[in-house]
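Encoded as structure tokens, the structure appears first; notes follow it.
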Amino acid sequence: LAAGADPANAPVPLRRRDLLRDGDQLMVALGWTAERGRRLLEDQLGQTSRQRLSDAELLRFNLLLEAELLEQSAAAEAAAGAAPVVGAPG
């Protein structure tokens with residue numbers, strides 16, 4: 001906290017265990033195995049384990065997972081929207 005800064009306006013620090021838990025939850029939501037997550041880690045961050053990441057890198061990894069989840073959701077919505085409606089004239 002900087003000198004003279006108001007503690008009430010300070011950002012809440014992220015805890016490493018929370019970042020790890022969030023990553024686990026995101027991988028479950030994506031339906032990914034640990035191996036699939038490890039491939040993303042290697043491709044994007046050059047590491048083979050989340051334990052080797054700094055907190056900032058761990059946050060970045062979670063953001064990458066969130067982006068994958070958003071892409072997956074958008075693709076599912078697009079596929080659902082493109083599917084013909086049963087019984088609809090066509």
Side-chain angles (χ1 to χ4, degrees):
L1 191 60
D6 182 0
N9 295 326
V12 176
L14 294 173
R15 291 190 176 129
R16 185 169 188 83
R17 66 181 167 170
D18 294 336
L19 291 170
L20 291 166
R21 184 198 65 233
D22 292 348
D24 290 341
Q25 291 172 346
L26 287 163
M27 285 195 289
V28 167
L30 285 163
W32 284 13
T33 62
E35 180 58 34
R36 177 64 184 96
R38 193 170 296 114
R39 277 190 309 222
L40 180 68
L41 255 180
E42 289 174 359
D43 292 346
Q44 297 294 321
L45 299 168
Q47 292 290 346
T48 57
S49 170
R50 291 183 294 163
Q51 297 299 329
R52 294 179 176 212
L53 299 177
S54 67
D55 290 352
E57 290 170 324
L58 195 51
L59 179 58
R60 181 170 172 233
F61 178 70
N62 287 356
L63 293 172
L64 290 168
L65 291 173
E66 286 181 10
E68 289 284 339
L69 188 58
L70 289 173
E71 285 180 29
Q72 194 178 77
S73 296
E77 287 179 20
V85 177
V86 175

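Along the sequence shown, the residues carry numbers beginning at 1. Since the model is a prediction, treat every value here as computed from it, not as a measurement.
Interatomic distance, CD of Gln25 versus CG of Leu30, reported as 12.0 Å (0.5 Å rounding). Going from atom CG of Asn62 over to atom CE of Met27 covers 8.5 Å, rounded to the nearest 0.5 Å. Note: Leu58 CG to Leu19 CG = 4.5 Å, rounded to the nearest 0.5 Å. We find the CG-CZ distance between Asp22 and Phe61 to be 12.0 Å, quoted to the nearest 0.5 Å. Note: Trp32 CH2 to Arg38 CZ = 13.0 Å, rounded to the nearest 0.5 Å. With rounding to the nearest 0.5 angstrom, the CD atom of Glu68 is 10.0 Å from the CG atom of Leu70.
By the 6.0 Å contact criterion, CZ on Arg52 is open, its count of non-hydrogen atoms from other residues, nucleotides or ligands being 12 or less.
Taking every heavy atom of both residues into account, Arg60 and Gln44 meet most closely at NH1-O, 3.6 Å. Glu57 approaches Leu45 most closely through the heavy-atom pair O-CD1, 3.8 Å.
Note on Asp24 versus Arg21: no salt bridge recorded, every NZ/NE/NH1/NH2 to OD/OE distance being 4.0 Å or above.
With sequence neighbours excluded, the residues satisfying side chain to side chain donor-acceptor pair (under 3.5 Å) with Arg16 are Asp55.
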